[in-house]
Participant: 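My questions all concern the structure below.
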Amino acid sequence: MEPILELKNINYAYHNLEGETKALTDISFSVFPGEFVSIVGPSGCGKSTLLSIICGLIEPEKGLIKLSGKYLRDSTTNIGYMLQHDHLFEWRTVYHNVLLGLEIQHMLSARSRGHAHELLELYGLKQFEHAKPSELSGGMRQRAALIRTLVLDPDILLLDEPFSALDYQTRLSVGNDIGQILRDAHKTAILVTHDLSEAVSLADRVIVLTARPAAIAKEIKVTFELEEDTPMCRRNAPEFKHYFNLIWKELNTNA
Ligand code: ADP
């Protein structure tokens with residue numbers, strides 16, 4: 001199978017008047033269609049920088065990126081980005097927030113509006129379509145932000161700490177929810193997180209980064225023998241502790 005994303009020897013440093021901050025060293029990995037990859041690493045190691053490079057917001061100093069076999073600049077692969085804060089606009093209803101990306105990309109049509117309604121229904125927000133974001137719970141807001149991204153039908157979804165602004169209990173349930181939604185939709189996703197439990201509960205593979213400048217310390221394939229492989233069931237499975245400890249050890253060796 002051809003990877004949907006391929007990174008080879010990516011290096012990046014920030015430059016300002018005080019000098020240079022090296023952020024990434026020689027990062028190479030591939031992601032395959034339908035795969036869920038979690039990237040973990042110490043705070044400030046370069047995780048967000050890596051996502052910004054993958055979606056073309058910043059250009060690497062060295063190395064190459066291919067999307068579905070094409071160089072990033074020639075690629076038509078559609079990338080969705082979901083951030084820590086939902087960035088919903090209070091002056092728009094939930095439905096009109098969900099349409100925002102479609103509007104910006106001039107993709108509003110009867111069909112895409114219909115798709116937005118379908119997703120709102122599918123993910124339990126139908127009755128809040130006309131509500132303002134402040135009328136939703138934190139978890140529902142994050143779900144609305146996900147729908148705003150999914151309605152653009154991204155081939156790859158980049159998730160930058162998308163649950164970290166939520167309280168612990170909501171975080172567990174939204175993580176479970178969103179993980180399940182993405183799996184059912186067979187979406188390829190890359191999740192950046194500093195929460196090891198979250199990484200293990202959601203991923204097919206975990207990439208562990210070293211402290212800044214980030215290099216890959218280890219890639220760990222994650223498999224669970226479960227009848228129902230959901231993030232919540234994983235948290236209670238015996239393998240969970242094994243993967244958690246493996247990643248914890250790796251992070252502490254490379255701190
Ligand atoms: P993480 O997402 O792992 O917390 P980041 O990718 O945000 O880390 O940042 C990696 C390093 O690069 C940090 O030390 C940060 O201070 C530095 N950095 C991030 N953005 C900039 C910038 N615009 N200018 C200078 N340094 C930056």
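Ligands are counted one by one from 1 in listed order, and the atoms in each one are counted from 1 as well. All values below were derived from every heavy atom in this structure, side-chain atoms included, with hydrogens, water molecules and symmetry-related copies excluded.
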Participant: Within the 3.5 Å criterion, strictly below it, is a donor on His115 or Ser112 matched to an acceptor on the partner's side chain?
Facilitator: no

Participant: At the 4.0 Å heavy-atom cut-off, does Gly41 count as touching ligand 1?
Facilitator: no

Participant: Applying the side chain to side chain contact (heavy atoms under 4.5 Å, CB included) test to Pro162, which of Leu146, Thr149, Leu191 qualifies?
Facilitator: Leu191

Participant: Quick one: nearest non-hydrogen protein atom to atom 8 (O) of ligand 1, plus distance?
Facilitator: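 Going atom by atom, the protein heavy atom closest to atom 8 (O) of ligand 1 ends up being Gly46 N, 3.2 Å.
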
Participant: Hey, does Thr21 come in under 3.5 Å of ligand 1, counting only N/O atoms on both sides?
Facilitator: no

Participant: Is the positively charged end of Arg73 above the ring of Tyr71, judged by distance under 6.0 angstrom from the centroid and angle within 45° of the axis?
Facilitator: yes

Participant: For atom 10 (C) of ligand 1, find the nearest protein heavy atom and state the residue, atom name and distance (0.1 Å precision).
Facilitator: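 So the nearest neighbour among protein heavy atoms is Gly44 O, 3.4 Å.
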
Participant: Relative to the heavy atoms of Arg212, which atoms of ligand 1 are at a distance of less than 4.0 Å?
Facilitator: 11 (C), 13 (C), 14 (O)

Participant: Which residue holds the protein heavy atom closest to atom 7 (O) of ligand 1, what is that atom called, and what is the gap in Å?
Facilitator: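 For atom 7 (O) of ligand 1, the nearest protein heavy atom is Ser48 CB, 3.7 Å.
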
Participant: With atoms numbered from 1 as shown, which atoms in ligand 1 lie under 4.0 angstrom from a non-hydrogen atom of Thr49?
Facilitator: 5 (P), 6 (O), 9 (O), 10 (C)

Participant: Please indicate, with yes or no, if any protein heavy atom is found under 4.0 Å from atom 15 (C) of ligand 1?
Facilitator: no

Participant: So which heavy atom in the protein is nearest atom 22 (C) of ligand 1, and how far is it from that ligand atom?
Facilitator: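 Sorting protein heavy atoms by distance from atom 22 (C) of ligand 1 puts Tyr14 CD2, 3.3 Å first.
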
Participant: How about Tyr95 and Phe128: are their ring centroids closer than 6.0 Å?
Facilitator: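 Not under 6.0 Å, so no.
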
Participant: If I take atom CE from residue Met140 and atom CD1 from residue Ile147, how far apart are they, to the nearest 0.5 angstrom?
Facilitator: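 One gets 10.0 Å once the value is rounded to the nearest 0.5 Å.
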
Participant: Is there a nitrogen or oxygen of Ser43 sitting under 3.5 Å from a nitrogen or oxygen of ligand 1?
Facilitator: no

Participant: Would you say the side-chain atoms of Asn176 and Ser173 include a donor-acceptor pair closer than 3.5 Å?
Facilitator: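 No donor-acceptor contact under 3.5 Å links the two side chains.
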
Participant: Can you find a side-chain donor-acceptor pair between Glu135 and His130 that sits under 3.5 Å?
Facilitator: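 Distance-only check fails for Glu135 and His130.
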
